[in-house]
Amino acid sequence: MSDSEDMPLARRRELKEAAAAFSDDDIDDSGDSDTPLGKRKRPPVKKRIIEDDDDDDDESVNVKSESSDSEVPLSKRSRPGAKRPTYKEYSDDDHSSDSDTPLAAKKAVKTNGNRGSKTNGRSKARPSYKEESSESDSDVPLAKKSSSKKVDTKPKAKTSTASAKVKTESSKTSSRGKADSKTATARKRVKDEPDSKASIKKVKKEEEEDDEVDAWWLKSNENEDDSVKWTSLVHNGVYFPPDYTSHGVKMLYEGKPITLSSDVEEVASFFASLLYTEHAENPTFQKNFFSDFKAIAKKHKTVPSITDFKKCDFTPIYEHIQRQKDKKKNMSKEDKLKLKEQKAALDEFYGVCYLDGRKEKVGNYRIEPPDLFRGRGQHPKTGTLKLRVQPEQVTLNLSKDAPVPKAPLGHSWGGIVHDNTKTWLATWKENVNDSTKYVFLAAGSSLKGQSDFKKFETARALKKEVGGIRRAYMTDLKDKKMFIRQRATAMYLIDRLALRAGNEKGEDEADTVGCCSLRFEHVTLEKPNILHLDFLGKDSIRFQKTVEVDEQVFKNIRLFKREPAQEGDDLFDRLKTAELNKHLQSLMKGLTAKVFRTYNASFTFQEQLEKLTPTEGTLAEKLLAYNRANRDVAILCNHQRAVSKGHAVQMDKIIDKIRALKYQKYKLKRTILTLEPKLKKKRPELLEPESDLEDEWMVEHEVTLMEKEREKTRAKWEKENLRRKENKEKAMTEKELKEMLKEVDLREKELAKERKTGNVPGGKGASVEKCDAQLLKLDDRIAATRAAMVDKEENKQTALGTSKINYIDPRISAAWCQKHKVPLEKIFTKTLRDKFKWAMTVDDDWEF
DNA sequence: ATTAGGACTTAGGATTATAATA
DNA sequence: TATTATAATCCTAAGTCCTAAT
């Protein structure tokens, strides 16, 4: 292993990161004795019985807890308590003023970071699947021979009336398939083996996707039984990752190479591949990994028994993996193509199913491969070994009369069910968190599309009701009953700040919160009516905003925070998401906490889009407006992303680019003055220096310009020679090259002179008019570049994708595209167009 | 009435493909 | 033409909400 110095240095991620972070405590093999510490434990909370909102005024009467007092909520919950890690970077910021109206948290502070503190671990013995290794081959997705008639699950005459069919893009093979031909294909597909070289020919470019599509969104479709999801479902099962093949590279233990059996090597490799990443340096991750690694090493009687993480050196394996990656990257074209074909074949086989006779895409047909669990934030189990899933653990869901896909050789399925009230095709239990995993249809499928549609329709229904709902909770803010007050306050926050509901979480998960699970330490109050929120939300993404809130909300929170309460206690000590949602249901059918996010996101988007889109504008300007509106939504929903590694460098580059443009401007101005010195008086602006453009920089810039010029000349010379060679002409000599280069030297001298005298003659046909025209163009380019820069900067930690995919009603976009003549593909990628095909038929005046 | 866990949506990061540059 | 930035896609963790079990 040669090159060992090109270590992929640590991680970027100035975002998250924050404070304290892990203490020095490094993992310690020996005892996993490691006490989990009292963390996460806090004294039971007594119910707070408030007597009044105290001091100042307040018409509000005495607030008392309702009768139920007795029922001692005795939250057995428990949470960190004490030692809250401190966050780094705080930045304050203005507080949004604009009170009313839907939107929320206009400008709010953003920053974020991860929590620190907390080690822990615990890794109880886990079951070891692992049966006999089974003769591999597994890989080959044995095919279904049985093409028996049974497969023929015809579209059951389809319930609904007129079966609207449409063609997606490209109307080819017009007639063709009727139900029959389709089922025929179905039958065929079901038995087609992937990898059979036969299927190679296609792969082609994408498209293909013509096929008739069932345009469910064009049918009247007054809900016909919601719970039944299909009448027939035929599919090919799931794909299992190939068995592990040993690479034989030895890791070091106490500096010496040791031999690992394949199973152990596999786990070592999981860790090795993460070396130098945040994960591998996370003590919790190390601890959990090592605990599992140690166990499996022991089980396989690894020679020097592995007991100390610190004595392990995985770098040889790491380097091997890097080399493999390199190799893959540099693979020959043909090999790459072959790989692609294999994938396509798999896609064709497993990636497709038949739902009520219609061909539909399957989403994640691959069984998740074994790996180290990568929990986010401070997940107590991060690093734990996620075991390989065996077919015996997998249950399939399909039609009664559908052929059962064959399990991998030597294996059988865990179960076969025929539950048409479920949308999943397969399911299994994962070992780390004991959670259930599923194989679902792809996002573009009818099932997903329909529920997406429903989601947005509910949000639109809320639009109609929101006025009344808001009035109601504003009133409830002053209710005498504590529970009602809390509920109303929570609703306010969810509505105005787009918070998530905030279900309770377990001890074995990262400590994150949503609205109902906010604790005291997450909210601080500032005099008149300002709220500082600071907590970790979903995915341990920091939510840090400062907002002005309604007076009564401020009072309420002060009230909730008062007294017996202390850090670690719930802010809403008698409110559960279930109760909140139950209440919401009573206000509007289908209303739950998350609907507010959808509603506010879509509403804000439509509003901003309307406001920002220029009526007369270039395509680019319109797109900018679109992205701005999109970004507003992303900010509202607190969708963040890590700042990319090279961000700062890229910014510098852009700044330099702008300087270069300014330099050109400067030169042009001088040319004008050289041509027409009288203008000095008339147009004094020509004398003004460009901002941020220093002499020193210009000198340097000219040097690089000349360097580039020389390179270009040389390239030209070489190219010319190449051409001549081909034409059997005699090549240009070095001398000629030197001759050519002399011109650059000349130009360099000119520049030097220009710099000294300030006179810039300009090119041949130089005229004041031409220069002015160019100046204008440069101004445009500078403006555009600067806009792009601002855009980039603002965007660096904001992720637009999530809101576009999940929160913004696609019909708003479709209508907008129509209205402003913007091609859809500028807005939606191919997959998004597919996912949203149900929304693409709206008129240009459609409103959310 | 609570709790547990099933089923489905939402989420950011990792990986891969494509576009922009050097 | 190779390199690098960016966009698209893939992956699977982490939420929400609901229903069934206790």
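Below, read A as the first sequence line, B as the second, and so on, with proteins coming before strands; counting in each chain starts at 1.
- Each of A:E430 and A:E825 lies near DNA chain C, and the nucleotide nearest A:E825 is the one positioned closer to the 5' end.
- Residue A:K386 places at least one side-chain N or O closer than 4.0 Å to OP1 or OP2 of C:dA13.
- For the pair A:K576 NZ and B:dT3 C1', the interatomic distance rounds to 11 Å; values are reported in whole Å.
- Using cut-offs of 30° and 60° for the angle between ring planes, the A:Y350 and A:Y365 rings count as parallel.
- When the side-chain nitrogen and oxygen atoms of A:K437 are compared with OP1 and OP2 of C:dA13, one or more of them lie within a distance under 4.0 Å.
- Across all strands shown, A:S451 has heavy atoms under 4.0 Å from sugar-phosphate atoms exclusively, and none from any base.
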>> For a quick check, with a 4.0 angstrom heavy-atom cut-off, what is the B/S/- contact string for nucleotides 15-22 of chain C, read 5' to 3'?
In response: SBBS----

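- Distances from the side chain of A:K448 to the nucleotides B:dA11, B:dG6, B:dT9 place B:dT9 closest.
- A:Q486 has its side chain within reach of A:D573: a pair of non-hydrogen atoms, C-beta onward, lies under 4.5 Å apart.
- In this structure, A:F373 reaches the sugar-phosphate backbone alone: every heavy-atom distance under 4.0 Å involves primed, P, OP1 or OP2 atoms, never a base.
- For A:T436 and A:I805, each mapped to the nucleotide of DNA chain B holding its nearest heavy atom, the one lying further toward the 5' end belongs to A:T436.
- Using a cut-off of 4.0 Å between Lys/Arg side-chain N and Asp/Glu carboxylate O, A:E793 and A:K796 are scored as salt-bridged.
- The aromatic rings of A:F603 and A:Y599 are tilted relative to each other, their planes meeting at an angle between 30° and 60°.
- Note that CE of A:M331 and CG of A:D326 are 12.0 Å apart. Values are rounded to the nearest 0.5 Å.
- Applying the 4.0 Å criterion to OP1 and OP2 of C:dA13, one finds that A:S435 has every side-chain N and O outside that range.
- Residue A:K657 places its NZ atom among 12 or fewer non-hydrogen atoms of other residues, nucleotides or ligands, all under 6.0 Å distant.
- Between A:R659 and A:H701, every side-chain heavy-atom pair lies at or beyond the 4.5 Å cut-off.
- A:E368 places its CD atom 9 Å from the C1' atom of C:dA13, with the value rounded to the nearest Å.
- Neither OP1 nor OP2 of B:dA7 sits under 4.0 Å from any side-chain N or O of A:K229.
- More than 12 heavy atoms of other residues, nucleotides or ligands lie within 6.0 Å of CZ in A:R710, so this atom counts as buried by the packing criterion.
- Evaluated for a side chain to side chain contact (heavy atoms under 4.5 Å, CB included) with A:V513, the options A:H522, A:R500, A:K538 yield exactly one hit, A:H522.
- Considering only side-chain N and O atoms, A:T831 lies under 4.0 angstrom from the phosphate OP1 or OP2 of C:dT9.
- At C:dA13, none of the side-chain N or O atoms of A:H379 fall inside 4.0 Å of OP1 or OP2 (strictly under the cut-off).
- Protein atom CG of A:D434 is 15 Å distant from nucleotide atom P of C:dA14, rounded to whole Å.
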> What string of B, S and - do you get for nucleotides 15-22 of chain B, 5' to 3', if B is base contact, S is sugar-phosphate-only contact and - is no contact with any protein heavy atom under 4.0 Å?
Replying inline: -S------

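- Between A:N433 atom CG and B:dA4 atom P there is a gap of 16 Å when expressed in whole angstrom units.
- Between the P atom of C:dT9 and the NZ atom of A:K804 lies a distance of 11 Å, rounded to the nearest Å.
- The aromatic rings of A:F605 and A:Y626 sit perpendicular to each other, their planes meeting at more than 60°, with 30° as the lower class boundary.
- Among the nucleotides B:dC8, C:dA8, C:dC11, the one closest to the side chain of A:T423 is B:dC8.
- Under 4.0 angstrom from either OP1 or OP2 of B:dT9 there lies no side-chain N or O belonging to A:Y807.
- Protein atom CZ of A:F836 is 14 Å distant from nucleotide atom C1' of C:dA8, rounded to whole Å.
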